[in-house]
Amino acid sequence: MSANLQTPIDYLKGVGPNRADLLRSELGIHTYQDLINLFPNRYIDRTKYYKINELQRNNAEVQVTGVITGFREVAQKRGKRLVANFKDEAGMMELVWFRGQKWIRESLKLNKTYVVFGKTNWFNGKFSMPHPEIELQSEHEKNLRSALQAIYPSTEKLSNKGISNRVVTKIMQQLFLETKGRFAETLPISLMEELKLISKSEALFNIHFPKTPELLSRAQFRLKFEELFYIQLQLILKNLIHKSKIKGFPFNKVGNYFNTFYNEYLPFNLTNAQKRVLKEIRSDLGSNAQMNRLLQGDVGSGKTIVAFMSMLMGLDNGFQCCLMAPTEILSVQHYNGLIELCKHLNISISILTGSSKTSERKIIHENLENGKLQILIGTHALLEDKVKFKNLGLAIIDEQHRFGVAQRSKLWHKNTSPPHVLVMTATPIPRTLAMSVYGDLDISVIDELPAGRKPIKTVHRYDNNRLKVFKFMKDEIAKGRQIYIVYPLIQESEKMDYKDLMDGYESVSREFPMPEYQISIVHGKMKAADKEYEMQRFAKGETNIMVATTVIEVGVNVPNASVMIIESAERFGLSQLHQLRGRVGRGAEQSYCILMTSHKLSQESKTRLETMVRSSDGFEIAEVDLKLRGPGDIMGTQQSGVLNLRIADIIKDKDILQQARYYAKSILKIDPRLSLPEHKVVLNTYRQMSKYRNIWNYIS
Ligand code: ADP
Ligand code: MG
């Protein structure tokens, strides 16, 4: 009988209580199953030996054979270290131990041939290898199971406590012994045949003890595929269950509000992308299922009008709608924009934010509950329990990345059965990532900017070119344009940033004195009302320059502003730079974005700046961003669990992801309940995973 993989790791031979505790706390390994899923980070060719004179000063792991010719102890500040001279026919190096010296002294013999393995340091004209793995050559050859040796993830604590890679490898061997290396298959036969996948047992063996490079890569493919397949399966299932279980409110008709607006008051022609997306939304809203849609569209692509027209569909069917934005400034802007759009339509619309007065709130609460209020715009304030709707039919969230999943779900409960939800984001998420992060949402994309937009000219300037930049600003102001100057604001150094902002403001004020020039300033320390006042002055064209921190990052719309100057641009991330640049280029005039930096730039900052200068395509920029930072930092992934992939890599394994999604979809299409005999294995595996693996925490 093979061992139960849910057996606690303590029961594995060679793992005592101490090691079990460490494995649990350091690597999250609780069971046999967890251990078998501890996949190596990389592999090292243990048939390759270096000569000492071939070593490079690159701190890489190497394997050398030689003999110890002598030991000495060297006193140092804390304790002492043991040093062995280690020699092969080509040269000499040192082996160094800071701990366990007595034991080392007693067990290692002079003038016997050893194989040592570890990282080398270059110090005082010599190579040294601290705490090498060391073995008699005769033993080494006996134990060598596979040329490619797995290197496992580790932590400092683990290696300090003597759980070296060799120990982990030994434990892993023991696990294969106890289980006889037999593991239940987890993918359907048909799929394995079609994709020529190796079996689960073979894959697991070869991922830990590769027999050949070819088998290793087949093992990797099989396991990556499996991992991505089950994630996709889960996301798609969730979406399907959702659609069948959760009844939406069908918006059956397109009525007066929509038609009147569309035929008489539409301020411009919609782009084809806007039309397509509206159709997609319309078809969701008209179906019996609840809409759960993500609308992606680059900055300035015109998401607001789409949101507005979707709300009109809600109103036409007698429902209330709400639009939630992440900041007060944005909410106010949406509110003003929507008031303008519906001024001929006789719609009742209000705004609710943190700074709404109690008396206003009272009226809003009342009119929401009695149904007089049709559209409510606002910030997080909308989520408060006190805010109750009579019949909320559609909830729209702007700039999703500022909100968490929890907040999305809070909106759901604003009605007896959940309203339709439209989430809008201007942070284009590469399709591959969107599939994993938002795989449970349907996705619409506006991939076209309104006609007549001139591409923004983007340049990179060093701080010592500032005078020229000032001159350029004056010319633009003389032409009637307005200018943003943005300073970074990063939490940890808020004080310093604030000082930078104020210094900057002062020097700009000196260069652009009143009354000839008017300058606004907006930053996080100001009261909401003051911010709003300054924003309005700028929006109305009463001031020429807006000096600000990133509060203006999302959504703010002042078409006459045509120059964006970003100070210390090297300190901003790519998506933030792109968002900021999107504040200009909204009017008919040629717009500019000037990225100011010092001369000291890291390689990564350079790549970011070059990307900005070269490209204005949000999706392309997002791809670069993803490559630079990895998915961990990209908005929205934090809560998604995507980070916890065990073997696949969202960026590098994009093709496998696509394949996995395709197959997950096709299986669910013919067998949505996974009830066919050939899919039993999928159902069982899926259930097991949801039961035991906490990486599936985003099932919530
Ligand atoms: P975002 O997608 O960044 O939220 P907005 O909805 O704020 O973009 O739209 C940006 C600007 O483009 C607004 O001034 C809006 O009125 C305008 N706009 C939107 N759609 C069109 C269109 N089809 N034709 C012309 N201008 C448009
Ligand atoms: Mg917007």
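Values reported hereafter were calculated over all heavy atoms of this structure, with side chains retained and with hydrogens, waters and symmetry mates removed. Because the structure is predicted, anything quoted here is derived from the model rather than measured. Read the numbers this way: they start at 1 and go in the same order the structure lists the ligands and their atoms.
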Near Asn269, which atoms of ligand 1 are under 4.0 Å from a heavy atom of that residue? 22 (C), 23 (N), 24 (N)

Can you list the ligand 1 atoms lying under 4.0 Å from a non-hydrogen atom of Arg586? 3 (O), 7 (O), 10 (C)

Ring pair (Phe, Tyr, Trp, His ring centres under 6.0 Å) against Tyr335, all qualifying residues, sequence neighbours excluded: none

Subset of ligand 1 atoms that lie under 4.0 Å from at least one heavy atom of Ser301: 2 (O), 8 (O)

Numbering the atoms of ligand 1 from 1, which are under 4.0 Å from a heavy atom of Leu270? 23 (N)

Are the side chain of Glu476 and the backbone N or O of Gln482 linked by a donor-acceptor pair below 3.5 Å? no

Atom indices of ligand 1, in the order listed, that fall short of 4.0 Å to a heavy atom of Val299: 3 (O)

Are any side-chain N or O atoms of Arg481 and backbone N or O atoms of Ser591, one a donor and one an acceptor, separated by less than 3.5 Å? no

Note, Leu376 side chain near Met324 side chain (heavy atom, < 4.5 Å): no

Is the number of heavy atoms from other residues, nucleotides or ligands within 6.0 Å of CG (Asp463) greater than 12? yes

Under a 4.0 angstrom heavy-atom cut-off, which atoms of ligand 1 come close to Arg453? 10 (C), 11 (C), 12 (O), 17 (C)

What atoms in ligand 1 come closer than 4.0 Å to a heavy atom of Thr304? 4 (O), 5 (P), 6 (O), 7 (O)

Answer with side chain, backbone, both or neither: which part of Gln274 has a heavy atom less than 4.0 angstrom from an atom of ligand 1? side chain

Pro559-ligand 1 polar pair, N/O distance under 3.5 Å: no

Quick check on contacts: which atoms of ligand 1 are under 4.0 angstrom from a heavy atom of Thr271? 23 (N)

For atom 24 (N) of ligand 1, which candidate among Gly297, Pro450, Gly452 provides the closest heavy atom? Pro450

Quick check against the 3.5 Å criterion: does Asp298 have a side-chain atom that pairs as donor or acceptor with the backbone of Leu449? no

If only atom types and distance count, is the side chain of Gln590 paired as donor or acceptor with the main-chain N or O of Pro455 below 3.5 Å? yes

Quick one: does Gly302 get an N or O within less than 3.5 Å of an N or O on ligand 1? yes

Residues in side chain to side chain donor-acceptor pair (under 3.5 Å) with Ser444, at least two apart? Glu280, Arg293

